Amino acid sequence: MTVKQLIDKVFLTEILKGMALTFKMMLSKPVTIQYPDEKRKIYPGFRGKHAFVRDAKTGRQKCIMCMKCVNICPSQCISLKKGRDENNKPFLERYDIEALRCIYCGYCVEVCPVCALVLTEDFGYCSYTKDAIFFDKDKMLKNWDEFVAKLSGDVYWNKFWRPDGVDIAKMPKSKREQAPVPIRPTAAVPSDTVPEKKPVNPAEKPPEPAAEVEEKPEEKKEVV
Amino acid sequence: MTPRAIAELIQSKFKPEVAEITEFGDQVSVLVNKTRILEIMSFLRNSSELYFDYLTDLCGVDYQGRKNERFEVVYHLRSILHNHCIRIKAAIPEKDCKIDSVVRIWAGANWHERECFDMYGISFTGHPDFRRILMPDDWEGHPLRKDYPLKSDLGEAEWKGFKEVLETVERNKKYEVR
Amino acid sequence: MLKKKELSINMGPQHPATHGVLRLVLELDGETVVKCTPHVGYLHRGTEKLGENRTYPMALPLTDRLDYVSSMSNNIGYCVAVERLLGIEAPARAKYIRTIMAELTRIANHIVWIATHALDIGAMTVFLYSMRDREWILDLYEMVCGARLTVTYPRIGGVRCDIDQEFMDSCYKFIEDFPKRIEEYETLIDQNRIWLQRTVGVGIISAADAINWGLTGPTLRGSGVAYDVRKAAPYDAYDQIDFEVPVGKNCDVYDRYRCRMDEFRQSISIIKQCLDKLPDGLVLASEAPPYDMPIGKPRVMPGHPMGEILPGELVEEKVPFDELYSATEVPKGELGFYFVNDGTARPYRMRIRAPSFVHASVLPKLCEGSLVADVIANIGTIDIVLGECDR
Amino acid sequence: MDISSFYGFLGTDTTDFILRMIIMVAKIAVVIVIALLHVAYSTWFERKIIGHMQIRLGPMRVGYHGLLQPFADFVKLFFKEDIIPSSGDRPVFQLAPMIALFATISSLAVIPFFNDFVIAKNMNVGLLYLFAMSSLSAYGIILAGWSSNSKYAFLGGLRSSAQVISYEIALALSLVGIMVLSGSLNLVEIIEAQQKHWYGMYVVVQFPAYILFLICAFAETNRTPFDLPEAESELVAGYFVEYSGMRFSLFFMAEYIAMIIMSCIAVTCFWGGWTLPPVVMKALPFLAVVPGLVWFLLKVYCHLFLFYWVRATVPRFRYDHLMSLGWKVLIPLALANIVITSIVKFLF
């Protein structure tokens, strides 16, 4: 045993060093965040509460009922029902996400060909009932409104709509051309006055998603 | 030694036991009969040129309807000294669903074999502490078998503790926050 | 005559020091453990069965839930395995990104380990210091993939999205800062005489025994066996990176602690090299399967009248199966995936060789004959997560 | 106790006796209330100190920086359900926390807080009384561990009894040096004896004994690193694992009062109690206007801070190491200290 070791042993050097560290830390700034009062920074692309992108032109969701999200959801928490209106045009009758089953993998956002789905940056949603965390079509749109109300700026872009570093050539056309979505309604039509189930006039509809409505479900059938 | 060479060495040593050698990528598997598995394994463990001192993994596979022998027990062996590995598979028929335990050779096989029994119902003779491991002790059936129902409308018949669980849920309903 | 009877204690499944729902039945003679029987399975979710009924991309998020403190490494292990099975080569950039992520995860995992291990032994402050630093890594995860714990960031054939400059800067800053943080932990415990008394000479397992029991990772390396999958069978960018494998020599809890502390430093060096060398390019291989991978039909023997083999039907001629065992070095040890593939996009058999499962099995060997307090030190030193152990 | 008052009761001077009794009761009430307030705020103080040492904030919600937290805790604990294990020994289970609390709280009787303020004045076996009471509180712990009929609690109780027995000896021995130097067991006289020297504090001449005393005090009060009886990672909570609500808080209070009492003993025996060293008083005579209680409390707070500081820094001992430290290190050192002190005292 060297002299130094002896000194260390008798005078509890290492414990005193530790105590010096804790004392120093006592005077330094704590790292705690007082949560509801201050919030930590959330990075773009955070996978939180589900929402439908409200199309600024039509004021409705952009879903084209291609069933891709339903099919790849690993926890099978999405269900979709396609209805036909009186003109025999398909429309989204039901779209339900059981958020309590969701595992927030974000596959649905990435696979959606028209970027209709988004996992927003809201994470603090909880409730005493399961119904409040069961998102149907209207709630998904409402989630979007709540989310964009907190955003500054005019457009929103989710990084999983077209992930960086992935070959764009392999993405569907609508995805390649997807621009950041405007978050304030651009058309004169206020969103809540648009009837959800109005008879569809093909001329009024945005051409691109309508074109895909016809082909996607067939493609899905092949897959299964 | 390359996996291929190891497989051929095993074949030359235990000619009648080796049923098949398959290769995928750089991995070679040797299908052997289960009767002399302990002998083969001791050879692999103790021979100085092979020296498989390390049992990486032991698991079962259910080939229901696909192969003659329904089950296979798969041993992944590795030699840390020589840095080579091999896969040994022992075919197990459904009727005689047991095989000798290799716990005496690799102590680490203990829990793997218990799990294999738990999931496939393959018995390991000579195992020191043979009982279920992941499933409850009173569980019926072996969940990883291919004929185990994924979803069942049998309700309580699926698991006899199910009824009890339902009763407990009913009893505890009054404590639920509304 | 007085009759002697052991006091049996149920440690767990709800116990602050069993790191989850591990249950140990201890037979005590005074404070000495005579017999220790671990019981696992309280967190069994049937991941292997679930995996057999999902396509390869869909089963990827399941692996997050195995070892939930190092979910990124599990993802990478799974992706590497599936890539080997499907014969896909990830682009170089993706490989480097994965290596960075795997090493960040190693740091994050070891942080949780040192935190809980120290907390079990009573050094509460280390817990909070290290959790502070883990937060940074979780922020890095969130920056790159939007999730903090169950990341699902890698995907088969690469990674989900590229890393950006903000991530690089933050990561550089982290690796610059982190050595100081390690010194803080070490100031509190490394030479502390109480820590030494609690760890040196406790939970000894010799190198031969450790190999025989199938231990891997730092738990094995603490016994002086320099076995590391990153060196033995390199994957991702590990063959282009220069790093050392720290080993212990006394085979006790303290040496395993030292091994992990040294791995912190090695991981920092690996991350630094990867960031420096990071090549340009895409992060997803062009042949990578899409998320909605078509399931396809199982391979059958040629000329079979049914086209497909029905259950229960005996087929004399064998069906070709692809079999692959792929191992990666996750922070806890060797995570192996064994796939049997019948040609569909679903594994016919998915087996997860979880390091925690093997490590938990060695507890009786470590604990028997030692004191109750050593049981706690031993649970800490094997670094188990029950999500992975029970699968 | 002031024995003369009992003579008064038998004699004619009854009013005088009643007056003395009233003063005595008032004194006791004041001391207990202040002690309990100190307990309340020492929990807050501890949580804050340890919080900041662990780069946290500690309680922040109840009142300004959590200042009302102790009361919130009290209200919560008071209204919590009192669970008694059905297979436990019910009367003993209920009695144990009270024994623990009252044994510790009665130690306050002999602590001289300032100039003449001692509840039991002229108690000439003050130190012995303190030792007796602190051992008695171990009964509460042992009984709690036994009566809970839980194995964890039982182990905690066993550990506690062994720990208290072994450290009691070292604790007492570490104070023998003080007794030798002051020639008294009366705490007031010990303080007065310290005033006779220019340094005014025995810590200067008895530093090793002081360190021994501190270590033993940590062990006596079951504080980290000697918190084996309640080691939360091994025995969950040790002897009070089955206790809840108010009974739990009695143990809690007992622990904190014991800590305060240990600090008081350290201050009294080593730091000159309410006095300042004569050399300081001579240099800075204006300090005389500050009441002695302030110095006393300041010294006590410093010791409490030390308790918290150590808790934030060190890991927990293992049982066998604890025992070997007590018997193989502390007791021989304390004995050596006694021998050296006696020789030095004899020679000079």
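Reminder, nothing fancy here: chain letters follow the sequence lines and each chain counts from 1. Note that the structure is predicted; figures quoted are calculated from it, not measured.
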Can you measure from CD (Glu52(C)) to CG (Asp62(B)) and round to the nearest 0.5 angstrom?
8.5 Å
Could you please state which residues from residues 106-130 of chain B sit under 4.5 angstrom from chain C, measuring non-hydrogen atom to non-hydrogen atom, sorted by number, or 'none'?
Trp106(B), Ala107(B), Gly108(B), Trp111(B), His112(B), Glu115(B), Met119(B), Tyr120(B)
Report, as yes or no, whether the 6.0 Å neighbourhood of atom NZ on Lys231(C) holds more than 12 heavy atoms from other residues, nucleotides or ligands.
yes
Just wondering, do Ile211(C) and Ile80(B) contact through their side chains at under 4.5 Å, heavy atoms?
yes
Per-residue tally against chain B (heavy atom, under 4.5 Å) across Ala327(C), Ala233(C), Ala360(C) peaks at Ala360(C)
Among the options Val225(C), Asn53(C), Val358(C), pick out the one with the most heavy-atom pairs lying under 4.5 Å from chain B.
Asn53(C)
Which portion of Leu85(C) sits near chain B, non-hydrogen atoms under 4.5 angstrom
both
Proximity breakdown for Arg131(B) and chain C, heavy-atom pairs closer than 4.5 Å:
side chain
With a 4.5 angstrom heavy-atom cut-off, is it the side chain or the backbone of Asp53(B) that approaches chain C, or both, or neither?
both
Tyr54(B) and Asn212(C): CA distance, side-chain angles, deciding distance, side chain to side chain contact (heavy atoms under 4.5 Å, CB included) verdict:
CA-CA 6 Å; Tyr54(B) 183 62; Asn212(C) 196 23; over 6 Å; no
Residue Arg23(C) excluded, over 12 heavy atoms near CZ under 6.0 Å
yes
Distance-only polar pair, side chains of Arg349(C) and Tyr63(B), donor-acceptor under 3.5 Å:
no
Structural part of Thr37(C) lying under 4.5 Å from a heavy atom of chain B
side chain
When you measure from the side chain of Gln27(B) to the backbone N and O of Tyr325(C), does any donor-acceptor pair fall under 3.5 Å?
yes
If you count the non-hydrogen atoms of other residues, nucleotides and ligands that lie under 6.0 Å from CD in Glu23(B), is the total more than 12?
yes
List the atom of Leu134(B), the atom of Arg391(C), and the distance in Å for their closest heavy-atom pair.
CD1-NH2, 4.2 Å
Which atoms of Glu334(C) come close to chain B, meaning under 4.5 Å heavy atom to heavy atom: side chain ones, backbone ones, both, or neither?
side chain
Nearest heavy atoms of Asp322(C) and Phe24(B), plus distance in Å:
CG-CE1, 3.5 Å
With a 4.5 angstrom heavy-atom cut-off, could you sort out which part of Val74(B) is near chain C: side chain, backbone, both or neither?
side chain
Test side chain to side chain contact (heavy atoms under 4.5 Å, CB included) on Ile133(B) and Phe357(C) and set out the steps.
CA-CA 11 Å; Ile133(B) 186 161; Phe357(C) 184 72; 3.9 Å; yes
Flag, side chain of Arg353(C) to backbone of Thr56(B), donor-acceptor distance under 3.5 Å
yes
What residues of residues 84-102 of chain B make heavy-atom contacts with chain C at a cutoff under 4.5 angstrom?
Arg87(B), Lys89(B)
